[in-house]
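Comments concern the structure below.
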Amino acid sequence: QVQLVESGGGLVQAGGSLRLSCAASGRTFSSSAMGWFRQAPGKEREFVGGISWSGGTTNYGDSAKGRFAISRDNAKNTVYLQMNMLEREDTAVYYCAASRWPSVVPTAPAYVYWGQGTQVTVST
């Protein structure tokens, strides 16, 4: 069993940055790939990016490439999402999730455990 708690969301102006954190409890964290997803009102959940169990491989969705960066600290059971050059279209609830696999899979069914989400709102 893995419990995930996101933090770091909030209101930011377009062009600004935010860093989301996801604290995990449970013994399987260090052996699981972790993913970040987001969901805006009226839209489907979207893969933002993921990181392999070791942190050696990252994979990003098209909307995140070049602007967002994912990292993890297995000693702290925490994964991070650094978001730069934020745009109004990045407004959404952001979720972290733990995969059933050690490598990144960019689809939601691969993820077994989910956090409650944190709201990110980008103003113009």
Side-chain angles (χ1 to χ4, degrees):
Q1 189 80 5
V2 176
Q3 292 183 328
L4 305 172
V5 179
E6 302 98 335
S7 61
L11 177 64
V12 63
Q13 287 190 332
S17 299
L18 275 178
R19 188 193 196 201
L20 305 184
S21 299
C22 174
S25 62
R27 294 181 297 174
T28 62
F29 173 81
S30 60
S31 62
S32 300
M34 296 296 294
W36 285 97
F37 291 77
R38 69 185 185 185
Q39 188 165 20
K43 295 188 177 181
E44 294 186 353
R45 189 165 294 191
E46 175 189 11
F47 175 74
V48 175
I51 188 165
S52 64
W53 71 277
S54 66
T57 303
T58 54
N59 187 355
Y60 297 95
D62 288 341
S63 62
K65 289 178 181 176
R67 299 188 301 129
F68 295 1
I70 297 174
S71 60
R72 67 189 294 165
D73 185 340
N74 285 347
K76 296 182 178 180
N77 278 9
T78 303
V79 62
Y80 306 97
L81 176 64
Q82 177 68 43
M83 303 187 292
N84 301 320
M85 296 182 288
L86 284 162
E87 304 168 351
R88 185 175 181 179
E89 292 71 26
D90 296 316
T91 295
V93 177
Y94 284 70
Y95 300 89
C96 73
S99 175
R100 67 181 77 242
W101 311 115
S103 300
V104 178
V105 177
T107 55
Y111 295 82
V112 182
Y113 302 105
W114 293 80
Q116 83 288 349
T118 185
Q119 177 71 46
V120 171
T121 302
V122 183
S123 64
T124 56

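Please read all numbers here as calculations on a predicted model, not as lab measurements.
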Please name the pair of heavy atoms, one in [X] and one in [Y], separated by the smallest distance, quoted to 0.1 Å.
X    : Y    : result
L4   : Y113 : CD1-O, 3.4 Å
A98  : V2   : CB-CG1, 4.5 Å
P102 : A33  : O-CB, 3.5 Å
S52  : R72  : O-NH1, 2.8 Å
L11  : S123 : CD1-CB, 4.1 Å
T78  : S21  : CG2-CB, 4.3 Å

Same apolar cluster: [X] and [Y], side chain cutoff 4.5 Å:
X    : Y    : result
Y60  : V120 : yes
I70  : Y80  : no
V112 : V48  : yes

ask   = Pairs in or reaching into residues 85-103: which pass side-chain hydrogen bond (donor to acceptor under 3.5 Å, both in side chains), with residues at least two apart or in two chains?
value = R38-D90, R38-Y94, R67-D90
W53 backbone acceptor or donor facing N74 side chain under 3.5 Å = yes
Heavy-atom donor-acceptor pair, E6 side chain to C96 backbone, under 3.5 Å = yes
message = Just checking W114 against F37, ring centres under 6.0 Å apart?
response = yes
Nearest 0.5 angstrom please: [X] [atom1] to [Y] [atom2], how far?
X    : Y   : atom1 : atom2 : value
N84  : L18 : CG    : CG    : 9.5 Å
L20  : F68 : CG    : CZ    : 8.5 Å
T124 : L86 : OG1   : CG    : 13.0 Å
Q116 : Q3  : CD    : CD    : 10.5 Å
S30  : D73 : OG    : CG    : 11.5 Å

4.5 Å side-chain heavy-atom contact, [X] and [Y]:
X    : Y   : value
V12  : M83 : no
Y111 : F47 : yes
V104 : T58 : no

